[in-house]
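Note sheet for the following structure.
Note that ligands are numbered from 1 as they come in the structure, with each ligand's atoms numbered from 1 the same way.
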Amino acid sequence: MANILCIGAGYVGGPTMAVIAQKCPQHRVVVVDINEVRIAAWQSDHLPIYEPGLDDMVRATRNKNLFFSTEVDRHIAEADFIFVSVNTPTKTFGQGAGKAADLQYWEKTARQILRNSTTPKIVVEKSTLPVRTAEAMEHILNSNSDGLYFDVVSNPEFLAEGTAVRDMENPDRVLIGARDTPSGQRAMQAIVDIYSQWVPRERIITTNLWSSELSKLAANAFLAQRISSINAISALCEKTGANVNEVAHAIGMDSRIGPRFLNASVGFGGSCFKKDILNLVYLCEYYGLSEVADYWEQVVKMNEYQEARFVSNMLSAMFNTVAGKRITLFGVAFKANTSDTRESPALAVCRALLEERAEIVITDSHALDNARADLGADARRVTFEPDPYAAAAGAYAIALLTEWSYFAELDYQAIYKSMVKPAFVFDGRNILDHRSLFKMGFDVYAIGKPPLVHF
Ligand code: NAD
Ligand code: UGA
């Protein structure tokens with residue numbers, strides 16, 4: 001039996017450790033966090049995050065071989081493996097502000113591990129970090145005078161929210177990077193042994209530390225680049241009468257391009273794409289690669305353009321004013337099947353419409369509490385309504401911003417009757433049946449398609 005500790009009980013720490021606990025019943029897994037409210041929620045019937053399949057998995061393992069605690073120091077002392085999964089947000093101050101990763105939580109964790117360790121440990125970088133962060137971690141940890149040696153291994157996480165359990169149970173690949181030293185290779189093998197309990201060995205890739213760290217940033221940059229690319233094409237479709245769904249289908253059938261991750265949308269959100277690309281941009285600038293930095297930064301700029309374009313399209317369709325008009329946002333989570341609203345395009349659209357003095361109503365099955373918290377003072381000017389029918393009643397327009405499947409199954413005839421006419425639908429995810437909405441009487445604006453309007 002090994003003692004596995006995860007520091008950071010967030011969207012990554014919670015689900016990844018629940019899966020490890022279930023797949024490795026011989027090991028004891030503890031997840032610690034400084035946030036007492038979060039830990040209390042992990043110990044309760046209302047987990048702090050919504051993720052399909054997670055409740056059952058936590059219920060099956062909690063207090064058997066999966067434990068949640070705020071006693072960080074004690075559990076560090078007992079651990080053999082420490083996965084570090086703390087947040088690494090974009091720096092908001094000083095050098096690199098707005099781009100570089102803020103590594104203060106990371107460094108505090110390293111020092112806390114050092115203070116509380118009396119035995120050697122394998123420390124696993126699970127958080128997404130700038131390239132060569134492992135070097136800093138090794139330097140801090142191995143600066144002790146007790147003769148303790150710590151191996152630092154990189155094991156970036158590739159799960160996506162909304163499919164976290166499925167992605168962990170059946171990953172495309174697991175990546176483990178380590179030093180090419182006997183001790184580094186032993187540490188790497190120990191992590192391989194954990195994953196190979198359920199992941200086929202050929203899907204576990206081992207590399208050097210820096211390739212592993214960089215692969216994580218590069219993977220997110222490539223994924224986000226696909227979305228910005230199709231969104232750029234969507235703008236051209238709207239000008240030319242082409243249909244972005246048809247274009248995506250046609251280009252995705254080329255096996256070199258592939259069909260996935262080509263859904264044009266109001267923009268990509270989530271806590272990582274923007275942060276990780278900006279981090280990559282900062283690294284390129286740091287190494288004097290300004291052309292490379294500009295290339296990747298454009299992916300983020302295109303995303304901001306797409307969000308702004310969506311709001312401009314709404315304004316011009318609604319006679320250039322939304323002041324005093326009730327507008328209902330269908331969805332505020334950054335994608336379907338999650339309660340997470342971090343960097344959600346719906347929040348950007350909400351703020352822009354509030355600037356225009358619209359009356360905003362938001363409906364979402366799981367994300368209203370997070371949206372209220374994220375909007376801060378602006379939340380006072382927004383109505384949060386879980387029932388989509390009540391939310392849409394009396395509205396001038398619906399803006400669909402999260403691709404929750406239940407939004408496609410609503411009774412739009414009834415919704416149309418309850419709205420102010422002309423009634424507008426702006427489908428920011430292209431999931432609705434636009435032609436049938438048009439026949440009901442709606443004026444329909446989708447992403448990358450000619451609008452269907454009655455006047
Ligand atoms: P999160 O904010 O949900 O969770 C991080 C947790 O770490 C918080 O609960 C915070 O209280 C805790 N924490 C911070 N400092 C601590 C300390 N010193 N001791 C104990 N706990 C501490 O973040 P997240 O979404 O889980 O992301 C964590 C990391 O994983 C980030 O680097 C992120 O880029 C990366 N990542 C995230 C995802 C995702 O889908 N969210 C996927 C892959 C990788
Ligand atoms: C993303 C990556 O997919 C994960 O592999 C990675 O581990 C994670 O970031 C991370 O490092 O945090 P996530 O942000 O949870 O996962 O969700 P995605 O499915 O990638 O969606 C991101 C955003 O892009 C969402 O707003 C989604 O709606 C949008 N999107 C996605 C599109 O607009 N079009 C698409 O075709 C796909």
Side-chain angles (χ1 to χ4, degrees), residues 5-16 31-39 41-42 48-49 51 69-73 75-76 82-90 101-113 125-130 133 155-164 167-168 171-173 216-217 219-224 226-231 234 248 252 259-277 279 303 306-307 331 333-338 340-346 401-404 428-431 447:
L5 175 66
C6 177
I7 302 182
Y11 287 85
V12 168
T16 54
V31 189
V32 291
D33 204 293
I34 40 177
N35 183 333
E36 290 176 10
V37 177
R38 222 168 202 190
I39 290 297
W42 280 111
I49 63 176
E51 209 33 85
S69 169
T70 51
E71 292 178 75
V72 184
D73 292 353
H75 290 292
I76 287 174
I82 303 181
F83 287 74
V84 186
S85 181
V86 301
N87 36 330
T88 50
T90 305
D102 182 350
L103 295 175
Q104 58 173 313
Y105 308 103
W106 185 257
E107 178 161 344
K108 272 183 200 140
T109 310
R111 292 185 189 280
Q112 199 167 8
I113 293 172
E125 289 183 345
K126 197 52 144 165
S127 301
T128 304
L129 295 158
T133 303
N155 169 222
E157 184 49 58
F158 294 102
L159 67 77
E161 290 178 33
T163 51
D167 293 346
M168 259 303 275
D172 285 351
R173 77 318 206 173
K216 174 62 198 176
L217 295 181
N220 273 359
F222 270 61
L223 288 168
R226 276 175 79 87
I227 304 169
S228 277
S229 296
I230 197 69
N231 282 344
S234 78
R260 295 177 65 193
F261 246 70
L262 282 180
N263 295 322
S265 68
V266 57
F268 61 74
S271 62
C272 293
F273 277 174
K274 180 174 168 190
K275 152 178 99 64
D276 293 347
I277 293 173
N279 189 342
N303 198 51
Q306 187 75 349
E307 288 173 352
F334 82 95
K335 63 184 282 195
N337 299 316
T338 178
D340 195 352
T341 53
R342 291 178 292 177
E343 298 289 340
S344 175
L401 300 171
T402 309
E403 69 278 23
W404 288 105
R429 299 289 183 168
N430 284 355
I431 62 161
I447 303 280

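- Interface atoms of ligand 2 facing Ser265, defined by a heavy-atom separation under 4.0 Å, are 32 (C), 33 (O).
- Of all heavy-atom pairs spanning Ser85 and Val12, the tightest one is OG-CG1, 3.4 Å.
- If you check which protein heavy atom lies closest to atom 20 (O) of ligand 2, you get Phe261 CZ, 3.1 Å.
- Looking at atom 23 (O) of ligand 1, its nearest protein heavy atom turns out to be Arg342 NH1, 3.7 Å.
- Among protein heavy atoms, the minimum distance from atom 44 (C) of ligand 1 is reached at Thr128 OG1, 3.6 Å.
- If you look at Ser127 next to ligand 1, the close heavy atoms, those under 4.0 Å, come from the backbone and the side chain alike.
- We find the OG1-CD distance between Thr70 and Glu36 to be 5.5 Å, quoted to the nearest 0.5 Å.
- At a heavy-atom distance under 4.0 Å, no atom of Ile230 approaches ligand 2.
- Annotation for Asn303 and Ser228: closest pair N-OG, 3.9 Å, computed over non-hydrogen atoms.
- The CH2 atom of Trp404 sits 5.0 Å away from the CG atom of Asn337 when rounded to the nearest 0.5 Å.
- Protein heavy atom nearest atom 19 (N) of ligand 1, with residue, atom name and distance: Ile7 CG2, 3.5 Å.
- Neither the backbone nor the side chain of Asn231 comes within contact range of ligand 2; no heavy atom lies under 4.0 Å.
- For the atom pair CG (Asn220) and CZ (Phe268), the distance works out to 9.5 Å, reported to the nearest 0.5 Å.
- There is a side-chain donor-acceptor pair under 3.5 Å between Gln306 and Ser234.
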Going through the distances and angles, do Val84 and Trp106 end up as a side chain to side chain contact (heavy atoms under 4.5 Å, CB included)?
-> CA-CA 8 Å; Val84 186; Trp106 185 257; 3.2 Å; yes
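- Polar contact check, Asp276 against ligand 1: no nitrogen or oxygen pair lies under 3.5 Å apart.
- Checking Thr109, Val84, Leu217 against atom 18 (N) of ligand 1, the nearest heavy atom belongs to Thr109.
- In terms of polar-atom proximity, defined here as any N/O pair under 3.5 Å, Val12 does make such a contact with ligand 1.
- The shortest separation from a heavy atom of Thr128 to ligand 2 is not under 4.0 Å, leaving the residue out of contact.
- Asn87 OD1, 3.2 Å is the protein heavy atom nearest to atom 14 (C) of ligand 1.
- The single protein non-hydrogen atom nearest to atom 35 (C) of ligand 2 is Asn263 O, 3.7 Å, given as residue, atom name and distance.
- Counting only heavy atoms from C-beta outward, the side chains of Tyr105 and Ser127 never approach each other to under 4.5 Å.
- Exactly one residue among Leu5, Val32, Thr109 makes a side-chain contact (heavy atoms from CB on, under 4.5 Å) with Ile82. That residue is Leu5.
- In this structure, CD1 on Ile7 lies 10.0 Å from CG on Asp33, to the nearest 0.5 angstrom.
- Protein heavy atom at the shortest distance from atom 43 (C) of ligand 1 is Glu157 O, 3.2 Å.
- The residue among Val37, Val32, Ile34 with a heavy atom at the shortest distance from atom 22 (C) of ligand 1 is Ile34.
- Atom-to-atom distance recorded for Ser265:OG and Asn430:CG is 9.0 Å, nearest 0.5 angstrom.
- In this comparison of Phe158, Tyr11, Phe273, the heavy atom closest to atom 1 (C) of ligand 2 sits on Phe273.
- A cation-pi arrangement is present between Arg173 and Phe158 under the rule of less than 6.0 angstrom and at most 45 degrees off the ring axis.
- Below 4.0 Å from some heavy atom of Ser85 lie the following atoms of ligand 1, by number and element: 5 (C), 28 (C).
- Taking only non-hydrogen atoms, the option from Glu161, Glu157, Lys216 nearest to atom 11 (O) of ligand 2 is Lys216.
- With hydrogens left out, the protein atom closest to atom 3 (O) of ligand 2 is Leu223 CD1, 3.7 Å, a heavy atom.
- Counting heavy atoms closer than 4.0 Å to ligand 2, residue Ile227 contributes side-chain atoms (C-beta onward) but none from N, CA, C or O.
- Considering only non-hydrogen protein atoms, atom 24 (P) of ligand 1 sits nearest to Tyr11 N, 3.9 Å.
- Given atom 11 (O) of ligand 1, the protein heavy atom at minimum distance is Asp33 OD1, 2.6 Å.
- Glu125 and Lys216 are not joined by a salt bridge, as no carboxylate oxygen comes within less than 4.0 angstrom of a charged side-chain nitrogen.
- Comparing heavy-atom distances from atom 19 (O) of ligand 2 across Lys274, Arg429, Lys335 singles out Lys335 as nearest.
- Checking only distances, Cys272 never comes within under 3.5 Å of ligand 2, N or O to N or O.
- The shortest N or O to N or O distance between Thr88 and ligand 1 is under 3.5 Å.
- Distances shorter than 4.0 angstrom do not occur between any heavy atom of Arg226 and any atom of ligand 2.
- For Glu161, the closest heavy-atom approach to ligand 1 falls below 4.0 Å.
- Closest to atom 26 (O) of ligand 2 among all protein heavy atoms lies Phe334 O, 2.7 Å.
- The two residues Ala221 and Ile277 come nearest to each other via the heavy atoms CA-CG1, 4.0 Å.
- For atom 34 (O) of ligand 1, the closest heavy atom belonging to the protein is Lys275 NZ, 2.6 Å.
- Here the shortest heavy-atom pairing between Asn35 and Arg38 reads OD1-N, 3.0 Å.
- Nearest heavy atom pair, residue Gly13 against residue Thr16, reads O-OG1, 3.3 Å.
- When hydrogens are left out, the protein atom nearest atom 8 (C) of ligand 2 is Leu159 O, 3.6 Å; that is the closest non-hydrogen contact.
- The contact set between ligand 2 and Ala160, taken as ligand atoms under 4.0 Å from a residue heavy atom, comprises 3 (O), 15 (O), 16 (O), 17 (O).
- Numbered from 1 in the order shown, with element, the atoms of ligand 2 that lie under 4.0 Å from a heavy atom of Leu262 read 36 (O).
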Stepwise side chain to side chain contact (heavy atoms under 4.5 Å, CB included) test for Asn279 and Leu217 = CA-CA 8 Å; Asn279 189 342; Leu217 295 181; 4.3 Å; yes
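- If you number the atoms of ligand 2 from 1 as listed, the ones under 4.0 Å from a heavy atom of Glu403 come out as 28 (O).
- Heavy-atom proximity to Lys216, at under 4.0 Å, picks out these atoms of ligand 1: 43 (C).
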May I have the step-by-step check of side chain to side chain contact (heavy atoms under 4.5 Å, CB included) for Lys275 and Thr88, ending in yes or no?
-> CA-CA 9 Å; Lys275 152 178 99 64; Thr88 50; 3.4 Å; yes
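- Interatomic distance, Glu403 CD to Ile431 CD1, rounded to the nearest 0.5 Å: 7.0 Å.
- For the pair Lys108 and ligand 1, the shortest N or O to N or O distance does not fall below 3.5 Å.
- With atom 1 (P) of ligand 1 as the reference point, the heavy atom nearest to it among Glu36, Arg38, Gln112, Arg111 is part of Arg38.
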